[in-house]
Structures are given as C-alpha cells and as structure tokens.
Amino acid sequence: MSDDGVKTRPDPYVGPSSGMPSALHSGLPSEMPSEPPVTPSAQAMEDQVRAAWAEVLGHDDFDDETPFIEAGGHSLKATQVLMRLRRKLGVRLPNRLFFDHPTVRELAVAVERIAATSPRV
C-alpha cells in the first residue's frame with residue numbers, strides 16, 4: 001500500500017530493488033548490438049515506411065531513428081501513415097503499433113513481422 005492509502009501492485013517490468021527494467025536483471029549480455037543488420041527485405045520495408053512518413057508529413061527531413069513526433073507528426077498523421085501502409089501492403093495494422101514503434105526502423109520491423117504472418121485483406 002502506498003503512503004496515501006492506495007493499494008498498488010509491483011510493476012512486473014521493473015527489477016526488485018533498483019527500479020531498473022527487469023530485462024537488465026535477467027542475465028542478458030551487457031554488450032547488445034546497437035542495431036540489427038538490415039536485410040534487403042527489411043530495407044525495402046524501411047523505404048516504404050519512410051515514403052509513407054514523408055508523404056503524410058510533407059517533408060523528408062528525418063532519419064530512420066527519428067521518432068515520428070519529433071519529425072512533426074501527431075496522432076492523426078500517425079493514423080494516416082498506417083492507412084497508407086495498410087492499403088499498400090494489404091494487411092491490417094493496429095493503430096497502437098505506431099506508438100509502440102515510433103521510428104521508421106522500428107515500425108518497418110513491426111510491419112514486416114505482421115505482413116509475414118497475417119492474411120491479406
């Protein structure tokens with residue numbers, strides 16, 4: 001129970017004593033690669049995601065690691081990006097996907113996974 005009398009549950013994503021994410025306590029190697037290698041199909045997906053961003057944002061002044069919000073996007077524009085990708089790829093993409101994967105590179109990886117495992121619409 002917290003100091004104000006509200007019952008609280010421990011956060012399952014936080015380690016027991018330090019407040020750090022539990023993955024850091026799980027024995028993962030401390031030296032993780034900075035970026036996964038980009039395969040040709042991953043590069044093609046990044047190109048499609050980048051093109052959708054540029055079309056919706058009206059500029060291409062961002063790199064693959066720039067969060068959408070920092071590039072000038074907002075929730076309505078994020079929805080417009082996803083709609084373009086849905087139409088182009090023929091797969092259902094949940095709106096939440098964009099907020100969980102806010103960069104071109106992250107979104108491209110997530111969209112590629114969905115496209116590889118989902119039926120076409």
Side-chain angles (χ1 to χ4, degrees):
M1 195 173 289
S2 66
D3 293 336
D4 60 1
V6 176
K7 289 184 180 181
T8 58
R9 288 187 234 155
D11 186 340
Y13 300 105
V14 175
S17 60
S18 69
M20 297 298 291
S22 60
L24 297 178
H25 297 287
S26 67
L28 293 175
S30 60
E31 288 293 320
M32 297 297 288
S34 60
E35 294 180 13
V38 178
T39 64
S41 64
Q43 185 62 52
M45 186 62 73
E46 284 181 16
D47 292 345
Q48 290 183 51
V49 170
R50 188 179 312 103
W53 279 35
E55 184 179 345
V56 168
L57 294 172
H59 69 84
D60 62 359
D61 188 26
F62 53 85
D63 62 33
D64 292 349
E65 297 300 324
T66 303
F68 188 69
I69 300 298
E70 289 179 20
H74 52 72
S75 60
L76 179 58
K77 288 187 178 201
T79 301
Q80 292 171 344
V81 167
L82 287 175
M83 290 304 297
R84 280 172 172 73
L85 291 171
R86 284 176 188 148
R87 274 187 246 126
K88 184 166 189 117
L89 302 171
V91 294
R92 293 180 196 266
L93 301 171
N95 289 337
R96 173 101 187 138
L97 185 69
F98 207 102
F99 301 100
D100 292 337
H101 308 282
T103 68
V104 167
R105 182 158 292 137
E106 291 174 21
L107 186 59
V109 169
V111 169
E112 188 170 358
R113 281 187 194 133
I114 291 172
T117 60
S118 298
R120 301 286 183 220
V121 290

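Computed from heavy atoms alone, side chains included, the values below leave out hydrogens, waters and symmetry copies.
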Compare every heavy atom of E65 with every heavy atom of D63, then report the nearest pair and how far apart it is.
OD1-N, 2.8 Å
Check the angle between the aromatic planes of W53 and F68 and answer parallel, tilted or perpendicular using the 30° and 60° thresholds.
perpendicular
Salt bridge or not between R50 and D60? Use side-chain N to carboxylate O under 4.0 Å.
no
If you take all heavy atoms of A54 and F62, which pair is closest and at what distance?
N-CZ, 3.8 Å
Can you name the nearest heavy-atom pair linking R84 to V56, along with the distance?
NH1-CG2, 3.4 Å
Set out, in order, the CA-CA distance, both residues' side-chain angles and the distance that settles side-chain contact (heavy atoms from CB on, under 4.5 Å) for E112 and S41, then state yes or no.
CA-CA 8 Å; E112 188 170 358; S41 64; 2.9 Å; yes
Would you check if L107 and L97 make a side-chain contact, meaning some heavy-atom pair closer than 4.5 Å?
yes
What are the two closest heavy atoms between I114 and P94, and how far apart are they?
CD1-CD, 4.2 Å
Euclidean distance, R105 CZ relative to Q43 CD, rounded to 0.5 Å:
7.5 Å
Taking it one step at a time, do L89 and M45 satisfy side-chain contact (heavy atoms from CB on, under 4.5 Å)?
CA-CA 10 Å; L89 302 171; M45 186 62 73; 4.0 Å; yes
Should we say atom CZ of R86 is surrounded by more than 12 heavy atoms from elsewhere, each under 6.0 Å from it?
yes
Rounded to the nearest 0.5 Å, what separates atom CD1 in I69 from atom NZ in K77?
10.5 Å
Please say whether more than 12 non-hydrogen atoms of neighbouring residues, nucleotides or ligands are located less than 6.0 Å from CG in D61.
no
Are any non-hydrogen side-chain atoms of N95 and S75 less than 4.5 angstrom apart?
no
